[in-house]
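Hydrogens, waters and symmetry mates are skipped; everything else that's a heavy atom, side chains included, is used.
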Amino acid sequence: MDLVASPTELSTAATDAVLAAEVLAVAAWMARTRGAARWRALLWSTTLGLLAAACLLGAAAHGLAMPESTRAALWRPIYALLGLVVGLMLAAALADLRGAASLRVLLPAVAAIALGFVALSEATDGAYRVFVLFQGGAALATLAVYAGLAWRRTLAGAGTIAAGLALSLAAGVVQASDLALVLIVPFDHNGLYHLVTMVAVALLGQGVLAGQRAGRAPRQRR
């Protein structure tokens with residue numbers, strides 16, 4: 001299959017592919033990490049695995065020449081995967097706050113919310129706008145949880161996770177803008193979003209692994 005002619009779409013596709021490779025590496029690293037709260041590593045590695053799948057599909061949508069109908073159809077599973085990623089991050093945060101037992105309620109709720117997000121996206125013409133609102137709200141809630149855990153010092157690495165989430169929100173602002181730069185090759189707002197997200201993912205990985213290396217489960221809320 002041929003590549004698109006647009007230089008910025010090609011750089012966006014390339015950064016999507018690099019981001020996918022980074023995310024998979026961090027997910028594999030997490031999956032091999034043992035600790036008192038093994039469920040955390042498994043939940044986060046699964047979440048990042050879904051993100052990597054979305055990035056790979058995004059690389060294809062941006063970089064490959066295809067009919068617009070095919071490209072539009074490709075964005076549907078991308079949004080579905082991203083909806084699950086955002087929901088699972090929030091579930092991980094709430095489980096860190098309340099304990100692993102809460103996942104029995106949180107995970108079905110996440111699945112229902114993600115399905116609702118997909119249904120709403122299908123029912124509207126502005127699927128991206130719906131996703132931005134959904135992602136922003138969930139990311140702010142997740143950030144608030146980890147900022148609180150960091151403030152109370154009840155979870156190792158919570159501050160680093162919060163920093164990663166804050167940077168992820170900043171990346172979203174970049175993506176919503178018209179920013180464009182030439183960094184050896186031209187980047188538009190989407191490519192720059194991927195570059196900032198790479199740093200955010202590194203911080204998230206470090207934060208989660210710090211919690212595992214602390215050798216104890218997060219303190220459960222009473």
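- Residues L82 and L140 are members of one and the same hydrophobic cluster, defined by side-chain heavy-atom contacts under 4.5 angstrom among Ile, Leu, Val, Met, Phe, Trp and Tyr.
- Closest non-hydrogen pair, S102 versus L94, comes out as OG-O, 4.2 Å.
- In the hydrophobic clustering, where aliphatic and aromatic side chains (Ile, Leu, Val, Met, Phe, Trp, Tyr) are joined below 4.5 Å either directly or transitively, Y193 stands alone.
- The minimum heavy-atom distance between L106 and A91, with the atom names listed, is CD1-O, 3.6 Å.
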List the atom pairs, donor and acceptor, that lie under 3.5 Å between side-chain atoms in residues 10-17 and the rest of the protein, sequence neighbours left out.
unit_1, atom_1, unit_2, atom_2, d
S11, OG, P7, O, 3.4
S11, OG, T8, O, 2.9
S11, OG, P186, O, 2.8
T12, OG1, T8, O, 2.9
T12, OG1, D188, OD1, 3.1
T12, OG1, G191, N, 3.4
T15, OG1, S11, O, 3.0
T15, OG1, T12, O, 2.9
T15, OG1, H194, ND1, 2.9
D16, OD1, H194, NE2, 3.3
D16, OD2, A59, N, 3.4

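- The shortest heavy-atom contact between V174 and L179 is CG1-CD2, 4.3 Å.
- Remark: H62 pairs with W75 by the ring-ring contact (aromatic ring centres under 6.0 Å, His included) rule, at least two apart or across chains.
- Linking Ile, Leu, Val, Met, Phe, Trp and Tyr whenever their side-chain heavy atoms come within less than 4.5 Å leaves F187 and V173 in two separate clusters.
- R40 places no side-chain N or O within donor-acceptor distance of the main-chain N or O of L209, the cut-off being under 3.5 Å.
- The two residues L204 and M30 have their closest heavy-atom pair at O-CE, 4.2 Å.
- Under the 4.5 Å side-chain heavy-atom criterion for grouping Ile, Leu, Val, Met, Phe, Trp and Tyr, L24 is not connected to L84 through any hydrophobic cluster.
- Counting all heavy atoms, side chain and backbone alike, G157 lies closest to A210 at CA-CB, 3.8 Å.
- Using a 4.5 Å cut-off between side-chain heavy atoms of Ile, Leu, Val, Met, Phe, Trp and Tyr, V199 falls into a hydrophobic cluster with L167, V196, L203.
- Rounded to the nearest 0.5 angstrom, I78 CD1 and C55 SG are separated by 9.0 Å.
- The distance from atom CG of L90 to atom CG of L143, rounded to the nearest 0.5 Å, is 11.5 Å.
- The same ILVMFWY cluster, assembled from side-chain heavy atoms under 4.5 Å apart, contains both L97 and V208.
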Q. L169 and L165: side chain to side chain contact (heavy atoms under 4.5 Å, CB included), yes or no, with the steps?
A. CA-CA 6 Å; L169 284 169; L165 290 167; 5.8 Å; no
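- The two atoms that bring T197 and A171 nearest to each other are OG1-CB, 3.7 Å, heavy atoms only.
- Residue pairs meeting the side chain to side chain donor-acceptor pair (under 3.5 Å) criterion with at least one partner in residues 138-150, sequence neighbours excluded, are D96-Y146.
- Within the 3.5 Å criterion, the main-chain N or O of E9 finds a donor-acceptor partner in the side chain of S6.
- Listed by first and then second residue, the side chain to side chain donor-acceptor pair (under 3.5 Å) pairs involving residues 41-54 amount to none (not counting sequence neighbours).
- Note on L57: it clusters hydrophobically with L64, by side-chain heavy-atom contacts below 4.5 Å among ILVMFWY residues.
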(Q) Between L19 and L195, is the side chain to side chain contact (heavy atoms under 4.5 Å, CB included) condition met? List the steps. (A) CA-CA 8 Å; L19 179 59; L195 293 177; over 6 Å; no
